[in-house]
Amino acid sequence: MKLKGWKDVNPGAVCTEAGSALKFKTGSWRAYRPKWVEENCIQCLFCWAYCPDMAVFVKDGKMTGFNYDYCKGCGICALECPGKKGNKAIVMEEEGK
Amino acid sequence: MATPLTLKELSKKEVLLTSGHRMCSGCGAPIIVKMVLLASEYPIVAANATGCLEVSTCISDYTAWKIPWIHNAFENAAATLSGVETMYRSLKKQGKIDKDIKFIAFGGDGGTYDIGFQSLSGAMERGHDMLYICYDNGAYMNTGIQRSSATPYGADTTTCPAGSVIQGKPQPRKNLTKIMAAHDIPYVAQASPSNWSDLVKKVKKALEIKGPKFMNILSPCNRGWRSRTDDAIMLSRLGVETCYWPLYEIENGVTKVTFKPKEKKPLVDFLKPQGRFKHLFAPENENMLKNFQEMVDKEWGSLLKASGTE
């Protein structure tokens with residue numbers, strides 16, 4: 001991401017590109033990484049609904065993984081994950097290990 | 001309208017708030033905004049009061065919003081949006097626009113309960129066709145956790161710190177939802193992100209009603225509440241189950257409790273995981289816990305009475 005100078009910014013600080021925040025990757029904030037354990041997933045989509053960073057991929061109504069470019073590693077998905085028979089489908093792992 | 005309200009169906013829609021916003025890790029506010037935007041079947045125009053949500057979703061030239069969005073100042077989100085809504089009505093009358101557009105203002109508790117209160121009250125009184133949503137995290141979190149009139153009784157903030165003189169905020173929080181109901185507007189509701197379907201249903205209902213609407217939504221803040229980053233949903237659920245944050249709506253003056261916990265949990269279940277209430281668990285502050293529980297019981301009791309489900 002290249003920062004703009006004052007001459008490049010629109011008058012009145014009007015943003016003309018919808019969703020341009022996507023250029024700012026927040027994944028580097030993460031200290032813990034959610035890991036998806038597919039065999040324990042019941043596709044309840046709570047992780048998708050409760051993710052504050054829209055970092056859960058869903059395709060055709062099914063969870064397919066995490067967008068690590070933006071996931072800040074808060075762990076809400078792992079805490080809310082009901083899992084299967086007591087086994088979580090999302091576990092948090094420390095980054096860099 | 002025939003599609004059932006399931007997460008599977010909702011997940012097929014595009015989320016109009018993108019990743020890359022700079023709200024803190026584990027913040028409750030973007031979860032609320034996501035649910036609100038997903039609930040709408042209409043194009044939305046939004047206004048934002050100054051606050052966490054505003055500063056971190058639109059930094060410099062980068063916006064996380066995929067809808068027309070306007071920020072003016074701290075105190076006038078409702079006034080700004082009422083102007084936009086009036087322009088829309090005028091353009092519609094002139095035949096220059098034919099789309100059915102809905103207007104939503106977002107404000108934090110500072111921009112709603114305190115600083116933006118007069119403009120909100122004015123917009124509601126003038127009867128603009130808009131929905132005002134307050135995401136209530138209970139303090140000025142954006143500027144470093146100063147008390148607001150939404151800060152709960154006994155909570156420690158940087159401007160009412162628990163110490164040897166006071167034990168957190170001495171005053172109870174202002175009941176804004178009731179104050180908005182006193183404006184006699186067609187729809188007022190309280191919701192929580194933990195109960196997503198209740199929240200989405202309320203937004204859908206509000207958008208179908210013509211006139212001014214107000215929703216107050218509990219928004220956990222792990223920085224200000226001094227809790228873990230992963231507990232936003234868990235805490236908002238405890239807020240609902242302890243009846244600290246009752247889920248109800250007032251439609252045309254008729255109160256309806258939309259969620260009644262099977263077993264009302266003691267308030268301490270909600271307070272205990274939050275560092276801002278840590279001092280209340282000291283033996284000398286036992287009476288404060290008692291007072292706080294009494295306040296919650298009183299409000300819950302009056303709500304049940306008003307809704308006739310006692």
Side-chain angles (χ1 to χ4, degrees), chain A residues 1-6 8-10 12-27 29-32 34 43-64 66-81 90 92, chain B residues 6-35 37-38 53 56-72 193-197 199-200 219-220 222 228-237:
Chain A
M1 188 187 80
K2 193 184 160 287
L3 285 175
K4 288 185 177 179
W6 66 271
D8 311 318
V9 176
N10 289 326
V14 173
C15 298
T16 48
E17 192 188 338
S20 54
L22 281 170
K23 289 178 195 163
F24 190 88
K25 308 232 163 128
T26 49
W29 296 15
R30 196 171 54 243
Y32 290 87
Q43 294 293 350
C44 63
L45 299 184
F46 286 162
C47 52
W48 170 81
Y50 296 137
C51 175
D53 294 298
M54 282 57 82
V56 177
F57 288 126
V58 171
K59 210 178 160 226
D60 302 325
K62 288 219 152 74
M63 191 275 188
T64 58
F66 294 101
N67 189 340
Y68 293 113
D69 279 351
Y70 301 103
C71 166
K72 293 171 189 160
C74 65
I76 291 179
C77 54
L79 189 74
E80 294 304 319
C81 176
I90 300 171
M92 299 304 285
Chain B
T6 60
L7 288 178
K8 197 174 168 180
E9 285 308 315
L10 280 182
S11 73
K12 290 175 184 163
K13 291 179 75 176
E14 187 192 9
V15 181
L16 295 167
L17 184 77
T18 66
S19 310
H21 65 73
R22 287 172 242 184
M23 304 292 279
C24 303
S25 178
C27 174
I31 309 175
I32 293 170
V33 174
K34 167 163 82 173
M35 290 176 179
L37 296 179
L38 280 168
L53 180 66
S56 35
T57 54
C58 195
I59 292 186
S60 171
D61 210 24
Y62 298 91
T63 176
W65 299 82
K66 284 192 155 181
I67 55 171
W69 177 90
I70 184 169
H71 166 245
N72 187 350
S194 57
N195 297 50
W196 67 268
S197 90
L199 191 157
V200 168
S219 178
N222 56 61
R228 294 156 48 104
T229 59
D230 62 358
D231 58 12
I233 298 301
M234 183 199 89
L235 281 178
S236 52
R237 188 177 296 123

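Chain letters run A, B, ... following the sequence lines, proteins first, then strands; residues in each count from 1. Atoms considered below: every heavy atom in the structure, side chains included; atoms not considered: hydrogens, waters and symmetry mates.
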Select one option (side chain, backbone, both, neither) describing which atoms of [X] are under 4.5 Å from chain A's heavy atoms.
X         : value
Met234(B) : both
Leu17(B)  : both
Thr6(B)   : neither

Tell me, for [X] versus chain B, whether the close heavy atoms (under 4.5 Å) come from the side chain, the backbone, both or neither.
X        : value
Leu79(A) : side chain
Glu17(A) : backbone
Val56(A) : neither
Cys77(A) : neither

Ser19(B) side chain vs Leu22(A) backbone, donor-acceptor pair below 3.5 Å
no

Heavy-atom closest pair, residues [X] and [Y]:
X         : Y         : value
Met63(A)  : Cys47(A)  : CG-SG, 3.7 Å
Thr229(B) : Asn222(B) : CA-ND2, 3.5 Å
Gly28(B)  : Ser219(B) : C-OG, 3.6 Å
Ser11(B)  : Val58(A)  : OG-CG1, 3.6 Å

Pair count under 4.5 Å, heavy atoms only, with chain A: among Lys12(B), Met35(B), Met23(B), Arg228(B), highest is Met23(B)

Counting heavy-atom pairs under 4.5 Å with chain A, the top scorer among Thr18(B), Ile67(B), Ile31(B), Thr63(B) is Thr63(B)

By ring pair (Phe, Tyr, Trp, His ring centres under 6.0 Å), which residues pair with Tyr50(A), not counting sequence neighbours?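 With sequence neighbours excluded, Tyr50(A) shows a ring pair (Phe, Tyr, Trp, His ring centres under 6.0 Å) to Phe46(A), given in chain and number order.
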
By side chain to side chain contact (heavy atoms under 4.5 Å, CB included), Leu38(B) pairs with (sequence neighbours left out) Trp48(A), Leu10(B), Lys13(B), Val15(B), Lys34(B)

Interface check, chain B: of Ala18(A), Cys44(A), Ser20(A), Ala49(A), most non-hydrogen pairs under 4.5 Å belong to Ser20(A)

Checked Ala55(A), Gly73(A), Cys51(A) vs chain B; the most non-hydrogen pairs under 4.5 Å come from Cys51(A)

- request: Look at atom CZ of Phe66(A) and say whether more than 12 heavy atoms of other residues, nucleotides or ligands are closer to it than 6.0 Å.
  value: yes

